[in-house]
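Note that these values count all heavy atoms, side chains included, but never hydrogens, waters or copies made by symmetry. Naming: A, B, ... by sequence-line order, numbering from 1 per chain.
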Amino acid sequence: MTFKRYAGVGAGALALSLVLALPALAQTAAPEAATEAPAAAAEFASAKDTAFIFNTLLFLMGGFLVMWMAAGFAMLEAGLVRTKNVSMQCLKNVALYSIAGIMYLLVGYNLMYTNVDGGFFGSFGVYGWPASGTANEGDYAVASDWFFQMVFVATAASIVSGTLAERIKLWPFLLFTVILTGFMYPITGSWKWGQGWLDAMGFSDFAGSTIVHSVGGWAALAGALVLGARRGKYGPDGAVHPLPGSSMPLATLGTFILWLGWFGFNGASQLAMGTNSDVSDISRIFANTNLAACGGVVAAILLTQVIYKKVDITMALNGALAGLVSITAEPLTPGPVTAIIIGAIGGVIVVFAVPMLDKLKIDDVVGAIPVHLLAGIWGTLAVPLTNGETSFGTQIIGILAYGVFTFGVSLVVWFILKATMGIRVSAEEEALGLDKAEIGVEAYPEFSGSGMRS
Amino acid sequence: MTFKRYAGVGAGALALSLVLALPALAQTAAPEAATEAPAAAAEFASAKDTAFIFNTLLFLMGGFLVMWMAAGFAMLEAGLVRTKNVSMQCLKNVALYSIAGIMYLLVGYNLMYTNVDGGFFGSFGVYGWPASGTANEGDYAVASDWFFQMVFVATAASIVSGTLAERIKLWPFLLFTVILTGFMYPITGSWKWGQGWLDAMGFSDFAGSTIVHSVGGWAALAGALVLGARRGKYGPDGAVHPLPGSSMPLATLGTFILWLGWFGFNGASQLAMGTNSDVSDISRIFANTNLAACGGVVAAILLTQVIYKKVDITMALNGALAGLVSITAEPLTPGPVTAIIIGAIGGVIVVFAVPMLDKLKIDDVVGAIPVHLLAGIWGTLAVPLTNGETSFGTQIIGILAYGVFTFGVSLVVWFILKATMGIRVSAEEEALGLDKAEIGVEAYPEFSGSGMRS
Amino acid sequence: MTFKRYAGVGAGALALSLVLALPALAQTAAPEAATEAPAAAAEFASAKDTAFIFNTLLFLMGGFLVMWMAAGFAMLEAGLVRTKNVSMQCLKNVALYSIAGIMYLLVGYNLMYTNVDGGFFGSFGVYGWPASGTANEGDYAVASDWFFQMVFVATAASIVSGTLAERIKLWPFLLFTVILTGFMYPITGSWKWGQGWLDAMGFSDFAGSTIVHSVGGWAALAGALVLGARRGKYGPDGAVHPLPGSSMPLATLGTFILWLGWFGFNGASQLAMGTNSDVSDISRIFANTNLAACGGVVAAILLTQVIYKKVDITMALNGALAGLVSITAEPLTPGPVTAIIIGAIGGVIVVFAVPMLDKLKIDDVVGAIPVHLLAGIWGTLAVPLTNGETSFGTQIIGILAYGVFTFGVSLVVWFILKATMGIRVSAEEEALGLDKAEIGVEAYPEFSGSGMRS
Amino acid sequence: MKIVMAIIKPFKLEEVRDALTAIGVHGLTVTEVKGYGRQKGHTEIYRGAEYAVSFLPKLKIEVAVPADLAGKVVDTIADTARTGQIGDGKIFVYSIEKAVRIRTGETDGDAL
Amino acid sequence: MKIVMAIIKPFKLEEVRDALTAIGVHGLTVTEVKGYGRQKGHTEIYRGAEYAVSFLPKLKIEVAVPADLAGKVVDTIADTARTGQIGDGKIFVYSIEKAVRIRTGETDGDAL
Amino acid sequence: MKIVMAIIKPFKLEEVRDALTAIGVHGLTVTEVKGYGRQKGHTEIYRGAEYAVSFLPKLKIEVAVPADLAGKVVDTIADTARTGQIGDGKIFVYSIEKAVRIRTGETDGDAL
Ligand SMILES: Nc1ncnc2c1ncn2[C@@H]1O[C@H](COP(=O)(O)OP(=O)(O)O)[C@@H](O)[C@H]1O
Ligand SMILES: Nc1ncnc2c1ncn2[C@@H]1O[C@H](COP(=O)(O)OP(=O)(O)O)[C@@H](O)[C@H]1O
Ligand SMILES: Nc1ncnc2c1ncn2[C@@H]1O[C@H](COP(=O)(O)OP(=O)(O)O)[C@@H](O)[C@H]1O
């Protein structure tokens, strides 16, 4: 009986007395922990405990689904950059997820959620939780909440990496990630989700069309402007030279991973699953989230067929994601047909915004700005269409606040990085590819390709 | 505390008054919703509510696992078609999943589940659910059930795309998907799962060996016959010229994704998780589902080694899926050793049926007909071996009914599509590959390959 | 209403009377099953039932997450072997997972968990569980526990396949898998998790740094020694000739899959989720598991930058896994900062151990020995740093016991296999690649590559 | 001795190989190449931007033959590789001074 | 007739093609090759072990032209493919005795 | 000047390159090709159907050398690339009229 694995450890408290190293870092169980056991032995389940478990389980499931989105971004971006930059893109995604986790523990969480009180940011300090073996107060386990919030900040950082691919140096990118995940995202996140000033005003963003996606998009846009376009993307005469992505199946896989993860992203943002009403709402969110993505795909397919006479698979994939971003600000109140329409408008935005950005010579390698920034704005604006507790005015104030702060601060940070360590590889390194030039490991070393297109 | 994100929204009803557009499409919360809160405040958890949450959670988890199978089909098919058709195959899979979701909302669900009453189909009409913030009557949240049923219909459509790959035009394929997911699958689905005539007769198909997999297989078979084989596959003298798939790791990944998703497919088809008995049954289903797949793999490996002196990885992958399809009609009543045997027979079917189809010059690119149609029939026939409430006679009637209807209607639809818009690309386009000819985006644009095999 | 699918089957017992074949293998429901229904109808949920469902659900969720790790190993290894051996590596991973499932049913589970009683192994015999429709005694469903334990044994076998890639023959590898998963792993597993002698001594290994990962690593090390290095890897003069892996995105994908699966691996090893305290512990485990992986990545990135002046993506990926293995022996008692440090030390181990093994001419294709064996030892040794109920002495005894037994028996088995059927392909076959030589299906048949590196 | 070097459409390879075998040529070497010529390629659209695909996949065949067989080889390739559509390719012939079979060290005529 | 065969750096292809078109050469064939020469490659580190990358990606261009145009083609390629950095590549010229356009059967000058 | 063009088995490349370097040849160009010859390939089985793999991976080496060195180059390649097994490949030699180093514009002997 595996259940007995833990016979020696018991259901009671772990009286931790750290014998050797690191004693300050380990945690001691509060003695009250032992009082939890009797409750479980009662004939009937305690309503509070049952709800506590369901709520925590929601965070854990939502958390691992959103964690999985890190793989989705990695695959999507690996598929949409050219072969010579694929290893680098994979590395950046693994690294940024890791940095986000650490920074959000060391700085971010408290900055976002502790003592915001209607203000502009919280406290500084490493986050932590009660020691093992103890029961938690409140409606869910503290660490599950941290885990769930942490994976969101990683999402914002992933968005930046896609736009700036194929020309940014590794280290300045990682430094920006430190700042974004440790400071910028938590500060603006506190405004709404930490009960800061925008929450007090009534701004509404259920799962983060603005707070997560647009924030990533604004940071990416600032980076794209400071960094400049990839060499060869724009001709002197305004011509746009496409640089097709290396692998459509990886891009497709990445999109499906993100789609799957989004059920955690939106569904678990209900933040409670312990009542009929809550789990019914989560169900609505699942259905609406899926339908918005379907709407985005179908809109992108129909529109590219009509405009270009050929369906563009990358637009269809972007359309799915734009549909998902669009419904993220309010996945609960729309009816299912409305959800399809909200998502479809996201898909339309992508189809028009991608070439528009090219006209402006803003080189966004994977389409992150249309998908996350523009569809994020649309989704946030659409909230009052179905949620009567919100107003267009407040939504616009929120959108502007997030935009001004994130775009502004990002611009400054990118400029400082550019001025100090430099952010862009040399022309030669760019031609050679970042895989060889920066990290010395090719993505497909036996693929002899000079990168010449057929 | 993130929990407070929703402080302004509250646990109470959302008084939705839509200010601007789309008012008819949004939903208004019933006032009773507010009465849910007190229940959660009770000292003990309500048995009904707890079971409700567990049941709904089962649908949500099962639903996201089966949704993930869409990625599995996409990767499996991307891996088993030639390089020049990989983008198209990815696009088709993203598109069909999206179409299935929308059609099942607009038409399918009601046609399958509403007012069937022992008959042959249900009602027409867009499906919907109570507005956000309200509790749901019944044993599970309405939207979670819709979500779970929806992902099944997408599975059926995925099966068709694999068989017909590399030569079918995009748009007629998508039109067929509209008909299959909006009408054909829901109509036949109603016969059993919607409590139609076959359910009344006692036909048994736990999670859909026939209702989902064989239906997909019959539609695929009809398509393959009308469409004809890929050029170059069959020589004039009866010779078979293999056209090896482009990527074994993608095919392997797809198979593992499907395997994972199948725990949702079969496990959540228990439809309830709120009792010891139900969750124990789900556990049995998980174990049996896994063992059947293991049996299919081992059978295929041993058999290809014996017959061909070399293990064929594509047969091993097909064997896993055939094992899974075989156990799907009855994953609960067999003991674990029986489950291995049922799955192993599925693996044997694949090894013999794949070359048999080639002899009949039925060109099934990914082996979907052996895996889904034939193993589906086998699985359905095997139910009475372990489930005493069923009979071979009724099972055969069910198998025939699904076959005659789906194969017949599919043939008609394919012929109409062929006669009107044409379903097959030209010889030149086929030689060039659908990626270039139909959608203009190559899967691996830097891969210079002429497609010549070494 | 899909819920009615099962109207004919009911909530009651399934009176199974097997009409035809296999009657002995099917299971008959105990009549007591019917008594379950009334409980669900009670006004309040039974505490015992609710905890039972939560515990079982934990095993099921944990189980499917760990099952998914099979895909992770397949992709990681496919990415880290050369193109000419990719199909074989995929085949081996599908096959070993299937064999593990069957062997663990036929032999392993009882050998590990039944009647160990402080001794050295359990009983022989096929495992099974009560028939469908019955409630289960105890704290969780029997089959869910089997499923969860089964996926662990598959993990151990996956580790071996990575180290020995690119030169071992298929069939001796599969035979070794039979022995490892049916006998070796269950015997040593019984020492601790089956309440054998090491459990009695107080050895502690929460989720298997030693019991799963080091065991896989020892078996791999023995195999690598008996098998010898790949031709061309080591020059006569002590030179090391890297043979870069075929696909960094697949390796990255595999790493992310493993990372995701690890939440099930560690989280569900809490073995209970029915109380506030348990689910809070699971939450801590999720957070710590993630942070340890982050620590491993960041350590590997910083260290390779400092030592080699270039970040090595394969080291970063190995670092993530080493972080995960390191925290696996005790993911609960460390505080979050300690978890980062424990994982980071795992990352450091990888960066130094990979070239060290090369110096010893031990050819470990994917780095499984540093990641699973060495980081596994480190993690097991680190337990007493934060868990006061353990001692370094006992931990060392445990580590040695697992090492001596598994390495010793593996050596013997590998030697016997070598002497009887031979374990290594010929030089010609190795040069040609196992895909062509052994299984006759290339991974990417249209990729013309001679394997020449640019 | 001559080398006959032909640029052909990829899907014609098997046919050409069979025809050459039929006239007694038992060895050849094939290279995947990209061709640019009168067959102008096409424009594609990727994410809303047009681009010209001007290099098309072709195969290059090289056959070393005794001088007297060269004409027949040229004719055979020309006949079997012809579709009549633009882009069928070219055949070039040039002289080689020496040929060696590596395995045996045989030279010239014996090496082919 | 001559064939001008040039080994160039891959990113110079478009420029060379345009320059050749400008002087009236409307067809060429390109092959992806690996070059070894004075440009010595570099050492890489993979999992802690160094290795030399000595073969670098290059493109081989083959252009068949009437003899009188060969010099101009050589000069044009040399001028446009030059970066002045080591590894720019080589141009070789040799004679062909026959050229055939497969589509029409035209030969020699007419075939180009 | 001559070009020595050799078709060899892929795994012999490093050895041949080293041997050529030893006799003073410091540049060459390699192409991945497929060969068809006496070495007949093999039949494979994919999903129950047999098929012949008749084109085998080979490497083509091209080395431009002054005429007087050509013989030595041929011998060196022949010696190092030989395994004695069928399929070892061929060496062909032909003359070139001109050689240019793109970087410097040097010609002929100086360009090699
Ligand atoms: N002058 C040339 N030198 C080398 N190769 C050429 C030349 N002209 C054409 N080719 C090759 O022949 C192929 C077909 O030529 P093209 O002009 O398109 O059609 P056609 O042969 O029918 O006139 C081209 O794709 C290219 O590979
Ligand atoms: N003797 C040779 N024969 C054939 N190709 C050569 C020869 N020497 C150089 N090359 C090709 O020319 C390329 C450039 O030569 P390299 O010596 O590196 O630089 P450079 O041309 O600037 O002197 C090489 O990569 C190789 O492809
Ligand atoms: N007549 C030929 N012209 C061009 N290449 C040839 C010719 N004959 C053989 N080859 C090349 O040489 C390779 C080896 O030839 P093969 O006849 O198989 O063995 P061997 O060289 O040992 O006689 C072939 O794969 C092919 O690439």
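Interface remark: W68(C) contributes side-chain atoms only to the contact with chain A (heavy atom separation under 4.5 Å). For a residue to count as touching a neighbouring chain, one of its non-hydrogen atoms must lie under 4.5 Å from one of that chain's; by this rule V126(A) touches chain C with the side chain only. Proximity to chain C (any heavy atom under 4.5 Å) is restricted, for L105(A), to the side chain, taken from C-beta onward. Looking at T83(C), both its backbone and its side chain come within 4.5 Å of chain A, counting heavy atoms on both sides. For M61(C), the part lying near chain A is the side chain, with the backbone staying farther off; criterion is any non-hydrogen pair under 4.5 Å. Residue contact with chain A, scored on non-hydrogen atoms closer than 4.5 Å, is absent for L58(C). If you measure heavy-atom distances from L253(C) to chain A, the contacts under 4.5 Å come from both the backbone and the side chain. Both the backbone and the side chain of A287(C) come within contact range of chain A, with heavy atoms under 4.5 Å apart. When heavy atoms are compared at a cutoff of 4.5 Å, A437(A) approaches chain C solely by way of its backbone atoms N, CA, C and O. Neither the backbone nor the side chain of Q89(A) has a heavy atom closer than 4.5 Å to any heavy atom of chain C.
A donor-acceptor contact shorter than 3.5 Å links the side chain of R284(C) to the backbone of A131(A). Distance alone, capped at 3.5 Å, is enough to place a donor-acceptor pair between the N276(C) side chain and the N136(A) backbone. Formation of a donor-acceptor pair under 3.5 Å by the D281(C) side chain with backbone atoms of S132(A) is not found in this model. At least one donor-acceptor pair under 3.5 Å links the side chain of S277(C) to the backbone N or O of G133(A).
Contact check for I313(C) versus M88(A): no side-chain heavy atoms found under the 4.5 Å cut-off. Within the 4.5 Å cutoff, side-chain heavy atoms of L57(A) are placed close to those of M273(C). Taking 4.5 Å as the limit, some side-chain heavy atom of F54(A) sits within range of a side-chain heavy atom of F54(C). Residues Y444(A) and L250(C) are not in side-chain contact: their nearest non-hydrogen atoms beyond the backbone lie 4.5 Å or more apart. Inter-residue side-chain proximity for I301(C) and W171(A) is flagged as met; some heavy-atom pair is nearer than 4.5 Å. Side chains of S246(C) and E446(A) form a contact here, defined as non-hydrogen atoms less than 4.5 Å apart. Two residues are said to be in side-chain contact when any heavy atoms from C-beta on lie closer than 4.5 Å; L170(A) and V311(C) meet this criterion.
To the nearest 0.5 Å, atoms CZ (F64(A)) and CG (N290(C)) are separated by 13.5 Å. In this structure, CD1 on I439(A) lies 13.0 Å from CE on M315(C), to the nearest 0.5 angstrom. Here F286(C) contributes atom CZ and T56(A) contributes atom OG1; the two are 11.0 Å apart, rounded to the nearest 0.5 Å.
Of the listed residues I257(A), V441(A), L91(A), I53(A), the one with more heavy-atom pairs under 4.5 angstrom with chain C than any other is I53(A). Note: C90(A) leads A78(A), C90(A), A70(A), S144(A) in heavy-atom pairs under 4.5 Å with chain C.
Between F447(C) and F447(A), the shortest heavy-atom distance links the atoms CE1-CA, 3.6 Å. When all heavy atoms are compared, the tightest approach of N93(A) to F256(C) is O-CZ, 4.1 Å.
Using cut-offs of 30° and 60° on the angle between ring planes, the pair Y97(A) and W259(C) is perpendicular.
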